[in-house]
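The next block holds one structure in the form of structure tokens; read it before the comments.
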Amino acid sequence: MFALVDCNNFYASCEKLFRPDLADTPVVVLSNNDGCVVARSKEAKKLGIKMGVPVFQVRDVLHKQGVVAFSSNYALYADMSQRVMSTLENLAPRVEVYSIDEAFLDLTGINYSLSLTEFGLQVRRIVHKHTGINVCVGIAPTKTLAKLANHAAKTWHKTGGVVDLTCTERQRKLLALLPVGEVWGIGGKLTKRLQQLGIDTALQLADAEPEFIRQHFSVVVERTVRELRGESCLALEQLAPTKKQIISSRAFGDRITDKQQMQEAISEYVSRACKKLRQEQQHAQYLTVFLRTSPFSDTDAPYSASKSIALDTPSSDTRVFLAKAMQLLEALWVNGYRYAKAGVMLADFYDPGVYQPSLFDTPPVQKDTDKKLMQLMDTLNSKHSKTLWFASQGTKQEWSMKRELLSPAYTTDWQQLPVVK
DNA sequence: TCTGGGGTCCTAGGACCC
DNA sequence: TCTGGGGTCCTAGGACCC
């Protein structure tokens with residue numbers, strides 16, 4: 001038996017938590033560069049502001065209705081997420097942190113002492129008491145059904161924020177009400193193709209033959225069908241699997257037309273990605289650099305390109321990747337375009353010291369001093385960010401993203417603690 | 001004028017092998 | 001004239017998630 005615990009309007013709730021004056025005010029949180037709406041308080045949802053809309057399309061509504069907007073404050077959200085997750089870890093024996101605002105709990109053994117619904121209500125109470133965040137709880141025999149139970153708990157207030165779908169009849173009743181696109185794993189494209197086959201509701205998908213779905217779609221969709229029928233195919237995964245790739249990319253605050261600025265940006269992304277790589281305690285062999293103009297522009301000539309290179313030896317040394325990235329950029333750069341976004345990707349990971357040399361390679365020697373230099377950089381930068389950086393990252397970073405509506409890092413920076421007067 | 005970032009998994013098809 | 005069958009591995013692209 002699984003429970004899915006999902007925080008309500010997570011980013012917006014985090015912002016409201018430290019601004020009691022905004023308790024009843026509509027609040028939205030924006031993506032990087034203050035580009036799109038990525039979270040909405042319940043008041044903002046009521047105003048009809050859609051998830052993911054570009055800000056410029058709803059600017060009038062935001063203004064007229066007195067909506068308060070915030071830039072994304074990841075330091076705050078990550079810290080609040082950790083508090084919620086550690087509270088959950090005290091309430092259930094096994095927890096899978098699925099995303100920044102949701103977690104699956106294994107409920108095996110829970111119903112010996114109290115009913116599953118009572119347990120769900122208790123989770124809500126305790127998480128709210130410890131963190132101030134409201135959550136909803138969906139309970140079911142499979143993860144996919146638990147997701148739908150959670151959706152129901154969020155949608156219908158009279159559920160009290162907890163829905164237990166143990167009983168098959170309740171499952172079918174709910175599935176009949178939900179369009180197939182609400183099912184976890186069924187996105188826009190699949191919804192269309194399923195509808196062409198006459199499958200419109202979640203119940204119709206559950207009642208389709210798994211073999212038939214397998215033939216028309218894939219094993220993934222087949223698994224979804226089985227999960228909807230109550231056959232658990234997706235297990236709880238407590239340990240975060242090691243990463244297979246690391247991406248660092250950003251849209252620019254302003255378009256880039258100058259090569260040196262692009263070099264700065266790519267250098268910045270390379271050093272971010274390498275820092276993450278060292279945190280994962282991995283070495284990477286494969287580097288990709290990409291850049292593109294805006295796909296939304298009618299006036300800008302379109303250009304999008306990427307190039308990759310494999311190192312002779314896996315590494316986590318920023319300097320090695322910087323040198324290669326500059327070579328790749330040299331090959332990719334074309335004068336005259338208005339670049340909107342660029343990024344780098346690291347892949348093909350190895351544990352440090354483990355790799356397969358080719359026949360004619362001289363065995364690599366990673367000098368101890370190289371390793372220490374990177375460690376020193378990371379240590380210094382973790383205490384005071386941006387203490388040490390590479391000159392190629394630039395000093396002004398005029399291209400960097402816009403975050404004009406950023407709230408303070410209330411919980412992670414001594415200088416920015418909230419003050420009670 | 002202005003449209004996010006970071007991931008995973010699966011499949012199809014080509015190259016190559018015996 | 002007639003040209004097999006069964007694999008593996010890799011990559012690109014498509015789909016999904018939050």
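Just so it is clear: chains get the letters A, B, ... in the order the sequence lines come, proteins before strands, and each one is counted from 1.
Between the P atom of B:dT1 and the CG atom of A:Asp60 lies a distance of 16 Å, rounded to the nearest Å. Atom P of nucleotide C:dC17 and atom CZ of A:Arg223 are separated by 14 Å, given to the nearest angstrom. In this entry the distance linking CG of A:Asn150 with P of C:dC17 reads 15 Å, nearest Å. For A:Asn8 and C:dC18, the CG to C1' distance is 16 Å, given to the nearest whole Å. Rounded to whole Å, atom P of C:dT11 lies 15 Å from atom CD1 of A:Ile309. Rounded to whole Å, the distance from NZ on A:Lys244 to P on B:dG7 is 13 Å. In this structure, CG of A:Asp300 is placed 12 Å from C1' of B:dC2, rounded to the nearest angstrom. C:dC17 atom P lies 21 Å from atom CZ of A:Phe10, rounded to whole Å.
When the nucleotides B:dT8, B:dG5, B:dT3 are ranked by their closest atom to the side chain of A:Ala251, B:dG5 comes out on top. When each of B:dC10, B:dT3, B:dG5 is scored by its nearest atom to the side-chain atoms of A:Val220, the top-ranked nucleotide is B:dC10. In this structure, the nucleotide among B:dC10, C:dC18, B:dG7 sitting nearest to the side chain of A:Ile247 is B:dG7. In the set B:dT11, B:dC2, B:dG6, the nucleotide with an atom closest to the side chain of A:Ser249 is B:dG6.
Residue-level contact check: A:Arg255 touches the backbone only, with heavy atoms under 4.0 Å from sugar-phosphate atoms and none from bases. Nucleic acid contact for A:Glu102: sugar-phosphate only, since backbone atoms but no base atoms lie under 4.0 Å from a heavy atom of the residue. Using a 4.0 Å heavy-atom cutoff across all strands shown, A:Asp101 reaches sugar-phosphate atoms only and no base atom. Among the heavy atoms of the strands, none lies under 4.0 Å from A:Val53. If you check every strand for non-hydrogen atoms under 4.0 Å, A:Lys402 touches nothing. Backbone-only engagement by A:Ser248 is indicated by non-hydrogen atom pairs under 4.0 Å involving sugar-phosphate atoms exclusively. Within the 4.0 angstrom heavy-atom criterion, only backbone atoms of the sugar-phosphate kind lie near A:Ile186; the bases stay farther away.
Inspection of the A:Asn9 and A:Lys45 side chains reveals an N or O donor paired with an N or O acceptor under 3.5 Å. Looking only at atom types and distance, the side chain of A:Asp258 has no donor-acceptor partner in the side chain of A:Gln261 under 3.5 Å away.
For the atom pair CD of A:Gln282 and CG of A:Asp351, the computed distance is 5.0 Å after rounding to the nearest 0.5 Å.
Where A:Lys276 and A:Phe296 meet DNA chain B, the nucleotide closest to each residue was compared, and A:Phe296 sits on the side nearer the 5' end. The residue among A:Arg59 and A:Ser218 whose nearest nucleotide of DNA chain B lies closer to the 5′ end is A:Arg59.
Taking a 6.0 Å sphere around CD of A:Gln82, one finds it holds 12 or fewer heavy atoms contributed by other residues, nucleotides or ligands. The number of heavy-atom neighbours closer than 6.0 Å to CD of A:Glu280, taken from other residues, nucleotides and ligands shown, is above 12.
Contact between the side-chain N/O atoms of A:Lys341 and the OP1/OP2 oxygens of B:dT3 is not found at any separation under 4.0 Å. Contact check, A:Ser99 against C:dC17: no side-chain N or O comes under 4.0 Å of OP1 or OP2. Taking only side-chain nitrogens and oxygens, A:Lys50 never comes nearer than 4.0 Å to OP1 or OP2 of B:dT3. Taking 4.0 angstrom as the limit, A:Lys147 places none of its side-chain polar atoms (N or O) nearer than this to OP1 or OP2 of C:dC17.
Of the candidates A:Arg319, A:Gln393, A:Lys276, A:Gln393 is the only one forming a side-chain hydrogen bond (donor to acceptor under 3.5 Å, both in side chains) with A:Ser271.
Residue pairs meeting the salt bridge (charged side-chain N to carboxylate O under 4.0 Å, His left out) criterion with at least one member in residues 326-338 of chain A, sequence neighbours excluded: A:Lys259-A:Glu330, A:Asp300-A:Arg338. Residue pairs meeting the salt bridge (charged side-chain N to carboxylate O under 4.0 Å, His left out) criterion with at least one member in residues 85-103 of chain A, sequence neighbours excluded, are A:Arg94-A:Asp106, A:Glu96-A:Lys143, A:Glu102-A:Lys147.
When both pairing distances are held under 3.5 Å, B:dC18 makes a Watson-Crick or G-U pair with C:dG5.
Within residues 188-209 of chain A, no residue has any heavy atom closer than 4.0 Å to DNA chain B.
Using the six-membered ring where Trp is involved, A:Tyr269 and A:Trp399 have ring planes that are perpendicular, over 60° apart on the 30 and 60° scheme.
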